[in-house]
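Note sheet for the following structure.
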Amino acid sequence: MKKTRLSVVTPCYNEEDSLPMIFYRFDLLERLMNDSAYDIEFVIVDDGSRDKTPTMLALKYGNKQNVKIITHPTNKGFGAALKTGLRAASGEVVVTIDADTNYDHEEIPEILEHLSEGVDVVTASPFHPEGKWNYPVHRFIPSRTVVALYKFVLRGKADFMHTMTSGFRVYRKYVLADIMPEANDFLATAELLVRALLKGYQVKEYPTVLYERKFGVSKLKTFKTTMSHLRFMWKIYRGKIR
Ligand code: UDP
Ligand code: MG
């Protein structure tokens, strides 16, 4: 049986503290996927890290055939790193996931099962009634508010959504060229989803648990990102995003 090529895309910025755990999870995932219908490739984007991230990636994966490491010479932002990874992915199916413990990599086979026929994007959703948010409250309030506002400006196209900003998703590769975001910052995840919804692609939520980062620190700047969301929503509201 011919296997479907799967790319797992992970942006990585100063993640030396998380990498040992990520390496462990990637190894485990590769073993889990051995007997699956997928042929797995890892695409890791080092977004201009200044810590031991590049050295650790080179040592672990320098000679590994199914791992692509792409380096930004300087830090360009989460969205920019994500786009680099999405463009480099050769799989027909593309999973995106953080280089930390926010999401459980062992759920990748499960989220893939939700990519049924006719579905183009599956997005992990901790705000889904069957999901769980194990994360600080200073992130809960802006994230929930952002969902409510997106629903309002999208005029019915996002009524079934509970989460707009998840970094854990599955995309069919052919959709990506059509929904590639402009944002180089943390807006990128919402932008991908908004463009998919506006273009009529089939988006499905996958209820999940969001965990706190166990190693290293979050790079998200809450205020700056909220402002990016508000500016983008204003554009959607005025019909500037098609
Ligand atoms: N990241 C990146 N470039 C940046 C900021 C973050 O590549 O400028 C990566 C980071 O290493 C992580 C992912 O993007 O794998 C999401 O960032 P983070 O986990 O810090 O954000 P949060 O999950 O807290 O929103
Ligand atoms: Mg994270």
Side-chain angles (χ1 to χ4, degrees), residues 7-26 29 42-57 60-61 67-89 94-105 107-108 123-127 131-147 163-169 181-193 208-229:
S7 303
V8 175
V9 172
T10 298
C12 229
Y13 177 51
N14 290 345
E15 294 289 4
E16 63 180 13
D17 295 327
S18 287
L19 280 183
M21 186 273 314
I22 288 297
F23 293 159
Y24 170 81
R25 288 186 172 191
F26 280 0
L29 181 67
F42 295 93
V43 181
I44 306 171
V45 182
D46 168 19
D47 189 23
S49 299
R50 288 182 302 266
D51 65 354
K52 294 196 196 77
T53 297
T55 320
M56 292 170 80
L57 289 174
K60 169 82 180 168
Y61 293 128
V67 182
K68 281 184 193 156
I69 300 171
I70 303 158
T71 307
H72 287 170
T74 54
N75 179 238
K76 293 189 173 163
F78 165 72
L82 193 67
K83 281 188 277 183
T84 298
L86 293 175
R87 289 194 184 109
V94 182
V95 167
T96 61
I97 191 159
D98 279 9
D100 59 20
T101 50
N102 287 155
Y103 296 97
D104 184 351
H105 292 69
E107 284 183 17
I108 290 176
T123 181
S125 181
F127 291 139
K132 201 160 188 254
W133 174 273
N134 279 331
Y135 215 58
V137 91
H138 76 274
R139 291 282 293 270
F140 180 87
I141 296 161
S143 299
R144 287 272 9 193
T145 311
V146 154
V147 184
T163 311
M164 293 295 292
T165 47
S166 174
F168 181 25
R169 290 200 186 134
E182 284 174 11
N184 289 325
D185 62 0
F186 279 90
L187 178 68
T189 47
E191 195 185 333
L192 278 154
L193 207 58
T208 193
V209 184
L210 179 71
Y211 301 94
E212 262 210 76
R213 195 186 243 281
K214 287 201 186 76
F215 311 99
V217 287
S218 169
K219 281 91 192 173
L220 180 120
K221 294 179 181 71
T222 313
F223 181 73
K224 211 172 148 260
T225 306
T226 306
M227 292 312 290
S228 288
H229 282 296

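For reference, positions follow the sequence shown, starting with 1. Scope of the values below: all heavy atoms of this structure, side chains included, with no hydrogens, waters or symmetry mates. Counting convention: from 1, in listed order, for ligands and their atoms alike.
Counting the atoms of ligand 1 from 1 in the order shown, those under 4.0 Å from a heavy atom of Cys12 are 7 (O), 11 (O). Listed by number with element, the atoms of ligand 1 under 4.0 Å from a non-hydrogen atom of Ala81 are 7 (O). Listed by number with element, the atoms of ligand 1 under 4.0 Å from a non-hydrogen atom of Ser218 are 20 (O), 21 (O), 22 (P), 24 (O). Every atom of ligand 1 with a heavy atom of Glu15 under 4.0 Å away is listed here by number and element: 10 (C), 11 (O), 12 (C), 15 (O). Ligand 1 places these atoms under 4.0 Å from at least one heavy atom of Tyr135: 24 (O). The ligand atoms of ligand 1 that sit less than 4.0 angstrom from a heavy atom of Asn75 are 3 (N), 4 (C), 8 (O).
Nearest protein neighbour of atom 15 (O) of ligand 1, counting heavy atoms only, is Pro11 O, 2.7 Å. Nearest protein heavy-atom neighbour of atom 14 (O) of ligand 1: Phe78 CD1, 3.0 Å. Asp98 OD1, 3.5 Å is the protein heavy atom nearest to atom 13 (C) of ligand 1. The shortest contact between atom 1 (N) of ligand 1 and any protein heavy atom is with Tyr13 CB, 3.7 Å. For atom 19 (O) of ligand 1, the closest non-hydrogen atom on the protein side is Asp100 OD2, 2.7 Å.
Between atom 6 (C) of ligand 1 and the options Arg139, His72, Lys219, Glu212, the minimum heavy-atom separation is to Lys219. Across the listed options Thr10, Thr189, Asn102, Asp185, Asn102 owns the non-hydrogen atom lying nearest to atom 23 (O) of ligand 1.
Taking only nitrogen or oxygen atoms, main chain and side chain alike, Ala99 reaches within less than 3.5 Å of ligand 1. By the 3.5 Å distance cut-off applied to N or O atoms, Phe186 is not counted among the residues near ligand 1.
Using a 30° and 60° split on the angle between ring planes, Phe23 and Tyr61 fall in the perpendicular class, above 60°. A perpendicular orientation is assigned to the rings of Phe26 and His105, their planes being inclined by more than 60° (bins at 30° and 60°).
Annotation: side chain of Lys83 is in contact with side chain of Asn184 (closest heavy-atom distance under 4.5 Å). The shortest distance between side-chain heavy atoms of His229 and Thr165 falls below 4.5 Å. The closest side-chain heavy-atom distance from Asp47 to Pro11 is not below 4.5 Å. A 4.5 Å side-chain heavy-atom check between Met164 and Leu193 finds at least one atom pair inside the cut-off. Looking at Tyr135 and Phe140, their side chains never come closer than 4.5 Å, going by heavy atoms from C-beta outward. Within the 4.5 Å cutoff, the side chain of Leu19 has heavy atoms near those of the Leu57 side chain. Side chains of Leu192 and Leu86 form a contact here, defined as non-hydrogen atoms less than 4.5 Å apart.
Taking the N/O/S atoms of Asp98 in turn, the shortest distance to the Mg ion (ligand 2) belongs to OD2. The Mg ion (ligand 2) is closest to atom OD2 of Asp100 (considering only N, O or S atoms).
Here the CD atom belonging to Glu212 is positioned 9.0 Å from the CG atom belonging to Asn102, to the nearest 0.5 angstrom.
Assignment of Phe168 to the shell around ligand 1 is not supported, since no heavy atom sits closer than 4.0 Å. Heavy atoms of Arg213 approach ligand 1 to within less than 4.0 angstrom. Using a non-hydrogen distance threshold of 4.0 Å, Gly167 does not register as a contact of ligand 1.
Residue Asp47 touches ligand 1 through its side chain alone, judged by heavy-atom distances below 4.0 Å.
If you check the side chains of His138 and Thr222, you find no donor sitting under 3.5 Å from an acceptor.
Evaluated for a salt bridge (Lys or Arg N to Asp or Glu O under 4.0 Å) with Glu15, the options Arg50, Lys52, Arg213 yield exactly one hit, Arg213.
The nearest N, O or S atom of Thr101 is not closer to the Mg ion (ligand 2) than 2.8 Å.
In this structure, the ring of Phe78 has its center no less than 6.0 angstrom from the ring center of Tyr13.
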